[in-house]
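Below is one structure, written out as structure tokens, with a few remarks after it.
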Number of protein chains: 4
Amino acid sequence: MTTWHDMLREKRQETILEAAAQIIARKGYQRATMKEIADAAGIAPGTIYLYFSDKEDLLLSIAEQLVALMPQEVPRAATPAETRRFVQSVLRQQLGLVAEYRPFFEAITAEMWTNETLRTNYLGRVITPILGIIESFLHKGIEAGRVRSLDPQIVSRAMVGTIFLFAMISDTSAEDYLRSPRVEQLIEELTDFFLYGLKQTPDTEVSPA
Amino acid sequence: MTTWHDMLREKRQETILEAAAQIIARKGYQRATMKEIADAAGIAPGTIYLYFSDKEDLLLSIAEQLVALMPQEVPRAATPAETRRFVQSVLRQQLGLVAEYRPFFEAITAEMWTNETLRTNYLGRVITPILGIIESFLHKGIEAGRVRSLDPQIVSRAMVGTIFLFAMISDTSAEDYLRSPRVEQLIEELTDFFLYGLKQTPDTEVSPA
Amino acid sequence: MTTWHDMLREKRQETILEAAAQIIARKGYQRATMKEIADAAGIAPGTIYLYFSDKEDLLLSIAEQLVALMPQEVPRAATPAETRRFVQSVLRQQLGLVAEYRPFFEAITAEMWTNETLRTNYLGRVITPILGIIESFLHKGIEAGRVRSLDPQIVSRAMVGTIFLFAMISDTSAEDYLRSPRVEQLIEELTDFFLYGLKQTPDTEVSPA
Amino acid sequence: MTTWHDMLREKRQETILEAAAQIIARKGYQRATMKEIADAAGIAPGTIYLYFSDKEDLLLSIAEQLVALMPQEVPRAATPAETRRFVQSVLRQQLGLVAEYRPFFEAITAEMWTNETLRTNYLGRVITPILGIIESFLHKGIEAGRVRSLDPQIVSRAMVGTIFLFAMISDTSAEDYLRSPRVEQLIEELTDFFLYGLKQTPDTEVSPA
DNA sequence: GATGAATGAGTGTTCATTCAT
DNA sequence: CATGAATGAACACTCATTCAT
């Protein structure tokens, strides 16, 4: 077994990937140079090619990392109270991931618009699964009468869109919603909004915790 | 008056800008070459420089176009029924703009993540005003007791995030939500979601049209 | 006779040539643009081509102007006193020409080093004639015993080199030797130097005017 | 110690600089292309940029080479006979330098007329020091009564102008005065001319060797 | 004749990638 | 394995020249 050897190799790969994500997130894929990435990783440019086939591979590997991170499950919700818990879980999980792996998300987000391969991968393997989890939950909720009869496809996208926007503005603007304890307030407000909407109705139960 | 001459010049500028937006939206700012843009506009590369100082100017001018498009006003809402109308107006207006000027939005969106100048301009002059309009509406609604006591900053961002996501996936995926009549259904569903949330409550009035 | 017409045409040619010399002298032939020259001449770029075949032609025409200016004669010197007058005449004539047509000289001087055609023309038709006049004078002077037995080719070049250097530094540096009354002092000193050299000898007659 | 490595690097730099001087001397700075220079140096265009920041740097480095070459001293002259030796030394030294590094001189000479930076550097660091040495010598000579009372500023410029002209025509024309043994004759004649001038005087001691 | 908008060939420079050490 | 010097294709931009008006 070259276990020891393999671990070293994997460690080095990770170092490079982190450096790449950092640089690409900041400057964009096109503007990031292999030299810069190598410098940030503390190695020579040529060495990158011993671990990745080319620059594009670096980008796709960053996306792959995100894919690997994505949770396959979210706590099921069976009772009405769990609808709230589900929404909170999704928000907390996703916003938490973004906060932790921000350079990776940013690197991919910035590039996906104009890179077919990347978009397919990212949307298909990162976004779509989340949408699927949410949609699936909504379906069951609607069937069980716990959720109003809304189009799950549309509502799931609205929720992901919200997460997406907060993820993005948190870094690019001064409004850092993802730094705790702000993130907890954010989750609370969004949950409330998603559950009960804008409208004041006489008997809506507001945030029953 | 060289009105005729000026119009010709403006027309040409527009042609170039449209071609540039098209190409940049598809390939990204960095990958788009001046030659390609010139070809798409049906002119020689050098001609672009008679109308724009450089490639960057082309990009900023695309952003400027978007800025110019942004509406300064949205119908005020005074009565409960108008809360619905306001949400619908915002959605219809924004989704409509995106649908019509999609290449412009896409070109800027793709580049803004890694371009400080552009981001400042775009966020500050296109996104922030919309957020402001929504926030202001929510404030008044809350004061008037028409809207539940939610954080306007957060809710406005959730709504814009939703719009943003539909705008983006509409072109890049097979799911074209913005082509009528689907867009009308989308607006209806989102309005409903935003107004009343997910939760089924015994006496929530659902979509009273 | 299109005399009137021809004069107009010639006048316009001259205007363009002066503008060209001005710009080219300042920025160099390569850096000078046809647009700049046209602007300086108060016409449109295209118009230049009605008077000159191309940019190179402009340069060669400037050289041609200098050729036309060159005097064919310099006062003969027969008596000893006239040796001084000859040297003074050459200096005054050449330095005067340079002072008056400086842009033309500068434009050509800057470009001749790297332009075969120009160099051939300029050296052959402007410099060589002057050298010839001086050489011829020296020959006769030597034969007549008025001038020491020096190599006329070499001495004539030394004199022209001196003129050349003063012509050039007069504009480029702060040392403007060509502005009167300094030029008169310059001529006087140079004449003295050329006639009697550096060396203090007991009975050398110094500047007997 | 990367001494060996450093030497290789320096050698490569020199090769590029020589190629650049060659090409620029022949075609002029503007007309010389980086591709041509690279070809002449036997490398790829991109490689030049590993040694020089840009084309301008190449030109300034050529000038810098000349600056480095300039002698700081010339033999002092104390006795009358040494006046002759001083003049000869200056001529021999300067003409020798030019002959050896002609491409460097030509490249700079051709460009300096229209390049402010270059002119300042070249005149200030190459020409002015020589003028200073000559002027200083003349001053002392005049004080000591060995040299006639001439304006040192003017005479030094006349001498440098002479050197300048021979340097230039030697390559550009068919008259190659700088190839030995002609250069020795040139030095002899010029020394004689500078020391005693044109005028035949009854008792001037001619070239006492 | 005069114009100046349009052209498109030409060039400096960057940077992903290779490969001799 | 790691290096980093060398490569050369690619691209933004300039400007002499043309020609429809």
Side-chain angles (χ1 to χ4, degrees), chain A residues 5 8-9 12 16 29-39 41-58, chain B residues 2 4-5 8-9 12 16 29-39 41-58, chain C residues 5 8-9 12 16 29-39 41-58, chain D residues 2 4-5 8-9 12 16 29-39 41-58:
Chain A
H5 183 265
L8 214 69
R9 187 176 169 81
R12 176 75 53 117
I16 296 173
Y29 173 71
Q30 297 284 342
R31 271 183 276 264
T33 71
M34 295 301 265
K35 170 118 180 44
E36 269 176 315
I37 292 170
D39 285 351
I43 56 171
T47 307
I48 297 179
Y49 290 85
L50 298 176
Y51 295 89
F52 300 91
S53 66
D54 55 18
K55 199 184 178 187
E56 177 94 18
D57 185 29
L58 219 42
Chain B
T2 35
W4 176 74
H5 181 265
L8 212 71
R9 186 176 171 78
R12 183 65 73 109
I16 296 173
Y29 174 70
Q30 299 282 344
R31 268 185 277 264
T33 71
M34 295 302 266
K35 171 101 178 53
E36 269 176 316
I37 293 170
D39 286 349
I43 56 172
T47 306
I48 298 178
Y49 293 87
L50 297 177
Y51 295 88
F52 300 92
S53 64
D54 53 20
K55 201 184 178 188
E56 174 99 18
D57 186 27
L58 219 42
Chain C
H5 183 263
L8 213 68
R9 185 175 171 81
R12 175 76 54 116
I16 296 173
Y29 174 70
Q30 297 284 343
R31 271 184 275 264
T33 70
M34 295 301 265
K35 169 119 180 44
E36 268 175 316
I37 293 170
D39 285 350
I43 57 171
T47 307
I48 297 178
Y49 291 84
L50 299 175
Y51 295 89
F52 300 92
S53 66
D54 54 19
K55 199 183 178 188
E56 177 96 17
D57 186 28
L58 219 42
Chain D
T2 35
W4 176 75
H5 181 264
L8 212 70
R9 186 177 170 78
R12 182 65 73 110
I16 295 173
Y29 174 69
Q30 300 281 344
R31 268 184 279 263
T33 70
M34 295 302 267
K35 171 100 178 53
E36 268 177 316
I37 292 170
D39 285 350
I43 56 172
T47 306
I48 298 177
Y49 291 87
L50 297 177
Y51 295 89
F52 300 93
S53 65
D54 53 20
K55 200 184 179 189
E56 175 98 17
D57 185 28
L58 219 42

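Letters A, B, ... mirror the listed sequences (proteins, then strands); counts begin at 1. We use all heavy atoms of the structure for the numbers below, so side chains are in, but hydrogens, waters and symmetry mates are not. Model, not experiment: these values are computed from the prediction.
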Test side-chain contact (heavy atoms from CB on, under 4.5 Å) applied to A:Pro45 - qualifying residues, sequence neighbours left out: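 For A:Pro45 the side-chain contact (heavy atoms from CB on, under 4.5 Å) partners, ignoring immediate neighbours, are A:Ala38.
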
Set out, line by line, the N/O atom pairs under 3.5 Å between protein and nucleotides 8-10 of chain E.
residue, atom, partner, partner atom, Å
E:dG8, N7, B:Gly46, N, 3.4

Quick one: list whatever passes salt bridge (charged side-chain N to carboxylate O under 4.0 Å, His left out) with [X], sequence neighbours left out.
X       : value
B:Arg12 : none
B:Asp57 : none
A:Asp39 : A:Lys35
A:Arg9  : none

Identify, with sequence neighbours excluded, every residue that meets side-chain hydrogen bond (donor to acceptor under 3.5 Å, both in side chains) alongside [X].
X       : result
A:Gln30 : none
D:Thr47 : none
C:Ser53 : none
C:Glu56 : C:Asn115

Toward the 5' end of DNA chain E, by each residue's nearest nucleotide, A:Asp54 or C:Leu50: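 Its nearest nucleotide lies further toward 5', so the answer is C:Leu50.
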
Positional range of nucleotides in DNA chain F within the contact set of chain B, heavy-atom, under 4.0 Å: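 The protein-touched segment is F:dC11 to F:dT14.
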
5'-to-3' dot-bracket of DNA chain E (Watson-Crick, G-U; under 3.5 angstrom; crossing pairs as [ ]; | other strand): .||||||||||||||||||||

Non-hydrogen side-chain atoms of D:Phe52 and D:Met34 separated by less than 4.5 Å: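 No, too far: nothing below the 4.5 Å cut-off.
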
Spacing between C:Lys35 atom NZ and E:dT7 atom P, to the nearest angstrom: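 Answer to the nearest Å: 18 Å.
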
